[in-house]
Amino acid sequence: MKGAARRGLILLAALLVPIAAASALPHEAAVPGGIVLAHLGKSAQAPQAWFQDKRVAVLRDRGGWLALVGLPLGLEPGGHELRIVAADGAETTKPLHVAAKHYALQRFTVPDRRKVEPLPEDVLRIAREQKRINEIKAAFRDEPGLEPDLAFRQPVPGRLGSNFGLRRIINGLARNPHAGIDIAVPVGTPVRAAGAGIIVDTGDYFFNGNSVYIDHGQGVVTLYCHLERSDVRPGERVAAGQRIGLSGNTGRATGPHLHWTVIANGTAVDPRLFLPRAAR
Ligand SMILES: [Zn+2]
């Protein structure tokens, strides 16, 4: 085969891979803050599945279908149910067993007291931002024939924090658990998209600082916080590994780092489950 034709074929093959091949699957951890991969059988058309009234991602897997179910940090351990609706409308349920997991309590001090005890005008801003965040988390973008790219890569180099899910006492006050992991990196470190997707929001948030939200499809969203600046705009498509901004120390941060959150069916889950084992 002539060089140019062969290169053409290789390029074509490379373009087809994201559609034809099953995504690399995340690791399972059936605990609050983890994920369950539930087999849904081998129907010709993809079924739809819901967990606690939130639609979950359904991926192709070895000739069948697999639901990726994000388990909220606040979920009661024990028996739960996945609701499945086949393409013909037939409804079934599948039991999910969730084991208990203990998340340690963390106490620390944030010198900027206003970031822990917001002023009345901050409270209004926080409520506005929370509404926006909830909208982003609730979105379910399904592109026929395109599966979410879930073979994530680490957005910045460095040691991954193990602080996902920690219960927190900040400046002596009980606050929400830590919904992501932190990676300590100097200000100005390039931050890269964990996977391919569409930028759904960028902006300066009260707690999260400069942030970028990437929608990977089917309710899987990643969030990059405390950035020095972002280099992308809402609506833009990004490739896996594409630079989306520079790390920083903005918002409620106690030092330069990247805070990285992964959301599935509206709930934050441990981002390490989406990385190759070697990185964890
Ligand atoms: Zn963090």
Side-chain angles (χ1 to χ4, degrees), residues 11 14-15 17-19 21-27 35 57 59 68 70 133 136-137 139 141 143 146-164 178-205 207-251 253 255-264 268-280:
L11 178 65
L15 287 173
V17 164
I19 302 163
S23 312
L25 295 169
H27 310 288
I35 54 175
L59 314 167
L68 186 159
I133 292 170
I136 295 169
K137 285 163 80 172
R141 187 175 58 85
E143 289 184 77
L146 256 188
E147 293 218 333
D149 170 20
L150 301 181
F152 284 168
R153 54 190 76 191
Q154 210 175 303
V156 288
R159 206 174 70 80
L160 288 178
S162 56
N163 56 354
F164 174 80
H178 192 244
I181 53 174
D182 295 330
I183 309 170
V185 277
V187 170
T189 304
V191 175
R192 301 183 183 282
I198 296 177
I199 306 296
V200 274
D201 202 21
T202 64
D204 179 21
Y205 283 76
F207 292 120
N208 292 340
N210 287 322
S211 305
V212 171
Y213 285 84
I214 303 179
D215 177 353
H216 302 279
Q218 294 205 43
V220 179
V221 173
T222 53
L223 167 56
Y224 309 78
C225 302
H226 311 308
L227 304 177
E228 184 64 18
R229 64 151 215 255
S230 72
D231 295 337
V232 287
R233 291 193 180 162
E236 204 176 306
R237 270 184 196 268
V238 290
Q242 186 177 328
R243 185 172 123 173
I244 54 170
L246 297 176
S247 71
N249 190 22
T250 57
H257 73 282
L258 175 73
H259 170 103
W260 182 38
T261 288
V262 176
I263 290 157
V269 293
D270 191 344
R272 290 173 298 177
L273 297 171
F274 289 75
L275 295 173
R277 292 240 186 242
R280 297 161 61 203

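Just so it is clear, the structure is predicted and the values come from calculations on it, not from any experiment.
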Asks: Filter on salt bridge (charged side-chain N to carboxylate O under 4.0 Å, His left out), then keep only pairs touching residues 208-226, sequence neighbours left out; what's left?
Replies: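 Found R141-D215.
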Asks: On a heavy-atom basis, which atom in G188 and which in L246 lie closest, and how many Å separate them?
Replies: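 So the minimum-distance heavy-atom pair works out to O-CD2, 3.4 Å.
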Asks: Where do P271 and I181 come nearest, in terms of heavy atoms and distance?
Replies: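 Closest pair (atom of P271, atom of I181, distance): CG-CG1, 3.9 Å.
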Asks: So, using side-chain hydrogen bond (donor to acceptor under 3.5 Å, both in side chains) as the criterion, who are the partners of S211 when residues are at least two apart?
Replies: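 Per chain and number, S211 pairs via side-chain hydrogen bond (donor to acceptor under 3.5 Å, both in side chains) with no residue.
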Asks: To the nearest 0.5 Å, how far apart are OG1 in T222 and CD1 in I263?
Replies: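 Rounded to the nearest 0.5 Å, the OG1-CD1 separation comes to 8.5 Å.
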Asks: What I'd like to find out is whether the side chain of I198 reaches to under 4.5 Å of the side chain of I214, using heavy atoms alone.
Replies: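 The answer is no, as the side chains (C-beta and beyond) never meet within the 4.5 Å cut-off.
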Asks: Would a 4.5 Å heavy-atom cut-off, applied to side chains only, mark P157 and T189 as touching?
Replies: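 Yes - at least one pair of side-chain heavy atoms lies under 4.5 Å apart.
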Asks: Listed by chain and number, what are the salt bridge (charged side-chain N to carboxylate O under 4.0 Å, His left out) partners of D182, not counting sequence neighbours?
Replies: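 If we apply the salt bridge (charged side-chain N to carboxylate O under 4.0 Å, His left out) test to D182, skipping adjacent residues, there are no hits.
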Asks: Between V185 and P256, is there a side-chain heavy-atom distance shorter than 4.5 Å?
Replies: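 Side chain of P256 against side chain of V185, heavy atoms only: no contact under 4.5 Å found.
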Asks: Does any non-hydrogen side-chain atom of L68 lie less than 4.5 Å from one of L150?
Replies: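 Counting from C-beta outward, L150 and L68 do come under 4.5 Å.
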Asks: Quick one: does any side-chain atom of H178 pair with a main-chain N or O of N163 as donor and acceptor, under 3.5 Å?
Replies: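 Here the side-chain-to-backbone pair exists.
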Asks: Between the main-chain N or O of E147 and the side-chain N or O of E143, is there a donor-acceptor pair closer than 3.5 Å?
Replies: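 Such a contact is absent between E143 side chain and E147 backbone.
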Asks: So, using side-chain contact (heavy atoms from CB on, under 4.5 Å) as the criterion, who are the partners of Q218 when residues are at least two apart?
Replies: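 Testing Q218 for side-chain contact (heavy atoms from CB on, under 4.5 Å), a comparison that skips the adjacent residues, returns A57, V58, F140, D142, P148.
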Asks: For the pair F274 and H27, evaluate ring pair (Phe, Tyr, Trp, His ring centres under 6.0 Å) and give the outcome as yes or no after the intermediate values.
Replies: CA-CA 7 Å; F274 289 75; H27 310 288; 8.9 Å; no
Asks: Testing the basics here: between G195 and H216, what is the closest heavy-atom pair and its distance to 0.1 Å?
Replies: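 The pair with the smallest heavy-atom distance is O-CE1, 3.3 Å.
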Asks: Between V269 and G70, what is the shortest heavy-atom contact and its length?
Replies: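 Distance-wise, the nearest heavy atoms are CG1-CA, 3.7 Å.
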Asks: Could you give me the CA-CA distance, side-chain angles and deciding distance for W260 and F164, then say whether side chain to side chain contact (heavy atoms under 4.5 Å, CB included) is met?
Replies: CA-CA 10 Å; W260 182 38; F164 174 80; over 6 Å; no
Asks: Could you go through Q242 and R237, starting from their C-alpha distance and side-chain angles, then the distance that decides it, and tell me whether this counts as side chain to side chain contact (heavy atoms under 4.5 Å, CB included)?
Replies: CA-CA 10 Å; Q242 186 177 328; R237 270 184 196 268; over 6 Å; no
Asks: Excluding sequence neighbours, so at least two apart, what forms side-chain hydrogen bond (donor to acceptor under 3.5 Å, both in side chains) with Y205?
Replies: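 Partners of Y205 by the side-chain hydrogen bond (donor to acceptor under 3.5 Å, both in side chains) criterion, ordered by chain and then number, come out as D201.
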Asks: So do L160 and Q154 actually touch side chain to side chain, heavy atoms under 4.5 Å?
Replies: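 Counting from C-beta outward, Q154 and L160 do come under 4.5 Å.
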Asks: Taking side-chain contact (heavy atoms from CB on, under 4.5 Å) as the definition, give me every residue that meets it alongside T202, ordered by chain and number, with sequence neighbours left out.
Replies: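 I199, V212, S230, V232, P234.
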Asks: Under the side-chain hydrogen bond (donor to acceptor under 3.5 Å, both in side chains) test, which residues partner D270, sequence neighbours left out?
Replies: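 With sequence neighbours excluded, D270 shows a side-chain hydrogen bond (donor to acceptor under 3.5 Å, both in side chains) to R272, given in chain and number order.
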Asks: Can you list everything that forms a side-chain hydrogen bond (donor to acceptor under 3.5 Å, both in side chains) with T261? Sequence neighbours excluded, please.
Replies: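 H259.
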Asks: For residues H257 and H226, determine if any side-chain heavy atom of one lies less than 4.5 Å from a side-chain heavy atom of the other.
Replies: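 The answer is yes; the side chains approach within 4.5 Å.
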Asks: Could I get the full list of salt bridge (charged side-chain N to carboxylate O under 4.0 Å, His left out) partners for R153, not counting sequence neighbours?
Replies: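 Testing R153 for salt bridge (charged side-chain N to carboxylate O under 4.0 Å, His left out), a comparison that skips the adjacent residues, returns none.
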Asks: What residues form a side-chain contact (heavy atoms from CB on, under 4.5 Å) with D204, not counting sequence neighbours?
Replies: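 Per chain and number, D204 pairs via side-chain contact (heavy atoms from CB on, under 4.5 Å) with R125, N210.
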Asks: Residues in side-chain contact (heavy atoms from CB on, under 4.5 Å) with V191, at least two apart?
Replies: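 With sequence neighbours excluded, V191 shows a side-chain contact (heavy atoms from CB on, under 4.5 Å) to P155, V156, Y224, L227, I244, S247, L258, given in chain and number order.
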